[in-house]
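See below for the structure under consideration.
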Protein chains: 2
Amino acid sequence: MTYTLEQVAKIAGVSRSTVSRVINQQPHVRPQVQERVWEAIRQVGYQPHAAARSLATSRTHVIGMIIPEAVPTLFTDPFFPLLLRGATEACNSHRYQLMLSLFIPGADRQEIYRRILRSGYLDGAIVASASLDDSLVPNLLRDRIPFVSVGRYPNGRVHYVDADNINGARMAVEHLIRLGHRRIATITGPLDMIAGQDRLSGYRQALEGRGIPVEEELIVEGDFSENGGMAAMQRLLPASPSAVFVASDTMAVGALKALRQAGWRVPQDIALVSFDDIPIASAIEPALTTVRQPIERMGAMAVAVLLSLLEDSSGEESPVQRIVMPTELVIRASCGSALSRS
Amino acid sequence: MTYTLEQVAKIAGVSRSTVSRVINQQPHVRPQVQERVWEAIRQVGYQPHAAARSLATSRTHVIGMIIPEAVPTLFTDPFFPLLLRGATEACNSHRYQLMLSLFIPGADRQEIYRRILRSGYLDGAIVASASLDDSLVPNLLRDRIPFVSVGRYPNGRVHYVDADNINGARMAVEHLIRLGHRRIATITGPLDMIAGQDRLSGYRQALEGRGIPVEEELIVEGDFSENGGMAAMQRLLPASPSAVFVASDTMAVGALKALRQAGWRVPQDIALVSFDDIPIASAIEPALTTVRQPIERMGAMAVAVLLSLLEDSSGEESPVQRIVMPTELVIRASCGSALSRS
DNA sequence: ACACGTTTTGGGAGCGCTCCCAATTTGATT
DNA sequence: AATCAAATTGGGAGCGCTCCCAAAACGTGT
């Protein structure tokens, strides 16, 4: 048996409106009456009907997590799961719900977009790692759907949360420089993603900061996948760098395989530093020196920013929130470093 | 500007009802009128309002993915992400949405349960890896909420989808026996999870099937985590088994560390077989021989079963669906096996 | 041209809630 | 005891859709 407001009201001997006020913690209900209403609610285990509420308030208390591309690594890499976990926990504690949407290549994106974003299912959305030329962000902007991007989005009035990829990469490469390396290569992420671009910028900044010339033959584009990392490393071998900054741990695993095949030892023959600090980074031999980003906190932060947009019913253009969270260099064995010096 | 049925109807020169019929593909609308209506819909980009629909039909077209415990490994291990991915894709293609709920320890489970499951947000739910003594499943049963469990649930009228853990484990252990091992230990999963129990059953069955006595000192309980695997392996060392069946890859990584510390070589001194085939299994040295389960397909199957329950509005007790999906042994280096023989 | 059965169409009611306004009660003040 | 403002309460309207039933239109056979 499922009860309605009206029935609870009858049991408590008050009107619909009064019960509604009690539930929504509105003022103007005598404490004594409140008590009676709560008692009735408890008695029948009343739970307000979400759809009816939404219809009346045009708020659903649901936010969407939108993944525009099923990047191959997206589900084997813990980035996305951790982001999801952070976001879900934050939602839980604010009494919001998280709805998950994958915009899988091949699916009818138009159709999905309309069904999810324009049917009033969601109060707002979190967009994870959109590529820069994806139409999703422009569409959301056009339809005035409140959203937050996880991953920097330089153009337009886009609220975002990101890790400090530039400084993280810079720290990683500076560490290699400090260890005496001069011929430092990099395997980048896909350069149509801002994370790929930013990590490359950090690499350049580190070299330029120390007056080391950037050689284009030492820069190879990868795709954040293990195979991509392996292929990139193979292309890099002829240039014989003394160290490599790999833009993700997953690619570093591939690079390691390529090096092993070619008979190079890490870190003796070549030093490796990567990015992400996923569990495999410490499980593998040699353990990877890598840049850690606070993924779970980024998920929670994205929710917090989105909710602030939703609460702020002033209607008008709130200032754009751009949040960059600090990254941290975790030193292990693959750079052949501090461990041996300290 | 967002349009309603009524407004679209006016544009098409028909009534609300007719537009509703067209959208829901009901009969009794002349083709010529249908065309006019579709034209109007297209013209204004009309999208039905989800909440209004739900209120009228008491169907939301949303199903929930409920994770009862935030098992530590749950988000670093790709099991859950892959399950999610399979489920999400299946939802997409049936025009359903997936809502994600974590029942995080410490959160007010009662409150979350009521808010999510009893407010009419969901048409049904998928429950992932519930522990056997969790109250979630009994509650769902009591509240008559349609749901499917991912993970076998032996008691009661519970629909479930699971991997064939028993046979998978049996195959793994039989492989070790075939390689000549007799003193085979196991590191189990948590035994309050049915997956933990079943993998242990498979281990026992394999031994018993070959007439090898099961020795309790060779059975150690782990918890599916890396640290748990390491600790379990350490407890196992004094019994000096010649092979170990570890109930998950993640635990195998831990076990490997323990063995390395103790100076045992794998597979020369001890053979290892594990379960799951997550990416780390092939990235690590030695690559793990392991049992693969079709996680993504299990997610999709869970959705399919749930939708079949939802469609079947006959109301009454549909026969319980118990689906067990085949597992497969993937032979690599850690068992010191076929590779050297073939 | 009429009657009758069938198909197509329109509109009222209702899903369960919130919001607003008007009616009622309360209580402080004279 | 009467007055008035403020606090409290009740009920109508409406959110946007579906469902049902009755009305209208259509088509066939006489």
Side-chain angles (χ1 to χ4, degrees), chain A residues 1-38 40-41 44-62 95 114-115 118-123 310 313, chain B residues 1-38 40-41 44-62 95 114-115 117-123 313:
Chain A
M1 171 67 191
T2 165
Y3 288 79
T4 69
L5 254 201
E6 200 84 50
Q7 305 180 43
V8 172
K10 205 161 75 191
I11 294 174
V14 296
S15 77
R16 209 172 5 111
S17 306
T18 300
V19 179
S20 174
R21 282 189 196 97
V22 171
I23 287 184
N24 297 298
Q25 325 226 39
Q26 287 168 2
H28 304 309
V29 182
R30 288 199 321 243
Q32 169 200 359
V33 175
Q34 280 186 36
E35 192 39 57
R36 225 176 340 132
V37 170
W38 279 122
I41 290 174
V44 302
Y46 170 73
Q47 183 67 27
H49 188 97
R53 257 191 173 165
S54 299
L55 186 56
T57 58
S58 38
R59 292 312 215 91
T60 60
H61 266 230
V62 175
R95 313 190 143 214
R114 294 178 31 141
R115 185 154 46 81
R118 309 224 5 249
S119 64
Y121 263 124
L122 307 177
D123 287 347
L310 297 178
S313 50
Chain B
M1 173 65 189
T2 165
Y3 288 79
T4 69
L5 254 201
E6 199 85 50
Q7 306 180 42
V8 172
K10 205 161 75 191
I11 294 174
V14 295
S15 78
R16 206 168 10 109
S17 305
T18 300
V19 179
S20 174
R21 282 188 195 96
V22 170
I23 288 184
N24 296 299
Q25 325 227 39
Q26 287 168 4
H28 305 308
V29 182
R30 291 199 321 251
Q32 169 199 355
V33 175
Q34 280 185 36
E35 192 37 59
R36 217 162 2 116
V37 171
W38 279 121
I41 290 174
V44 302
Y46 171 72
Q47 182 67 25
H49 189 97
R53 255 190 173 165
S54 300
L55 186 56
T57 58
S58 36
R59 293 312 215 90
T60 59
H61 266 230
V62 175
R95 312 189 145 214
R114 294 177 33 143
R115 184 153 48 79
L117 277 318
R118 308 221 8 248
S119 65
Y121 264 125
L122 307 177
D123 286 347
S313 50

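- A donor-acceptor pair under 3.5 Å links the side-chain atoms of B:Arg118 to the main chain of A:Gly45, judged by distance alone.
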Which atom pairs, donor and acceptor, lie under 3.5 Å between side-chain atoms of residues 22-30 of chain A and protein residues at least two apart or in another chain?
{"residue": "A:Asn24", "atom": "OD1", "partner": "A:Arg53", "partner atom": "NH2", "Å": "3.2"}
{"residue": "A:Asn24", "atom": "ND2", "partner": "A:Ser20", "partner atom": "O", "Å": "2.9"}
{"residue": "A:Asn24", "atom": "ND2", "partner": "A:Ser20", "partner atom": "OG", "Å": "3.4"}

Yes or no on side-chain contact (heavy atoms from CB on, under 4.5 Å) for B:His49 and B:Thr2, after CA distance, side-chain angles and deciding distance?
CA-CA 10 Å; B:His49 189 97; B:Thr2 165; over 6 Å; no
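- Put simply, OH on B:Tyr46 and OG1 on B:Thr4 are 7.0 Å apart, with the number rounded to the nearest 0.5 Å.
- Here A:Gln26 lies in heavy-atom contact (under 4.0 Å) with sugar-phosphate atoms only.
- Rounded to whole Å, atom C1' of C:dT25 lies 13 Å from atom CD of A:Gln32.
- When the P atom of C:dC20 is taken as reference, atom CG of A:Asn24 falls 13 Å away, rounded to whole Å.
- Of all the heavy atoms in B:Ala12 and B:Ala40, the pair that sits closest is CB-CB, 3.8 Å.
- As a whole-Å value, the separation of A:Glu6 CD from C:dC15 C1' is 13 Å.
- Within the 4.5 Å cutoff, the side chain of A:Arg21 has no heavy atoms near those of the A:Val37 side chain.
- In this structure, OG1 in B:Thr57 is found 8.0 Å from CG in B:Asp123, a value given to the nearest 0.5 Å.
- End-to-end axis angle for the helix from C:dA1-D:dT30 to C:dT30-D:dA1, using five pairs per end and rounding to 10°, comes out at 50°.
- Whole-Å rounding puts the A:Ile23 CD1 to C:dC17 P distance at 7 Å.
- Per the geometry, NE2 belonging to A:His49 stands 8 Å off C1' belonging to C:dC15, to the nearest Å.
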Listing time: all N or O pairs from protein to nucleotides 8-14 of chain D that are below 3.5 Å?
{"residue": "D:dT8", "atom": "OP2", "partner": "A:His28", "partner atom": "ND1", "Å": "3.4"}
{"residue": "D:dT9", "atom": "OP2", "partner": "A:Arg30", "partner atom": "N", "Å": "3.1"}
{"residue": "D:dG10", "atom": "OP2", "partner": "A:Ser15", "partner atom": "N", "Å": "2.9"}
{"residue": "D:dG10", "atom": "OP2", "partner": "A:Ser15", "partner atom": "OG", "Å": "3.2"}
{"residue": "D:dG10", "atom": "OP2", "partner": "A:Thr18", "partner atom": "OG1", "Å": "3.0"}
{"residue": "D:dG10", "atom": "O6", "partner": "A:Arg21", "partner atom": "NH2", "Å": "2.7"}
{"residue": "D:dG11", "atom": "N7", "partner": "A:Ser17", "partner atom": "OG", "Å": "2.7"}
{"residue": "D:dG11", "atom": "O6", "partner": "A:Ser17", "partner atom": "OG", "Å": "2.5"}
{"residue": "D:dG12", "atom": "N7", "partner": "A:Arg16", "partner atom": "NH2", "Å": "3.1"}
{"residue": "D:dG12", "atom": "O6", "partner": "A:Arg16", "partner atom": "NH1", "Å": "3.0"}
{"residue": "D:dA13", "atom": "N6", "partner": "A:Arg16", "partner atom": "NH1", "Å": "3.1"}

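- Closest to the A:Leu55 side chain, of the nucleotides C:dG16, D:dT18, C:dT18, is C:dG16.
- Under a 3.5 Å cut-off, the side chain of A:Arg16 and the backbone N or O of A:Leu5 do not form any donor-acceptor pair.
- Atom OG in B:Ser54 sits 11.0 Å away from atom OH in B:Tyr121 (nearest 0.5 Å).
- Between the CZ atom of B:Arg118 and the P atom of C:dG16 there is a distance of 14 Å, rounded to whole Å.
- Side-chain atoms of A:Tyr46 lie closest to C:dC17 of the nucleotides C:dC17, D:dT18, C:dT18.
- In terms of phosphate contacts, A:Ser20 brings no side-chain nitrogen or oxygen within less than 4.0 Å of OP1 or OP2 of C:dC17.
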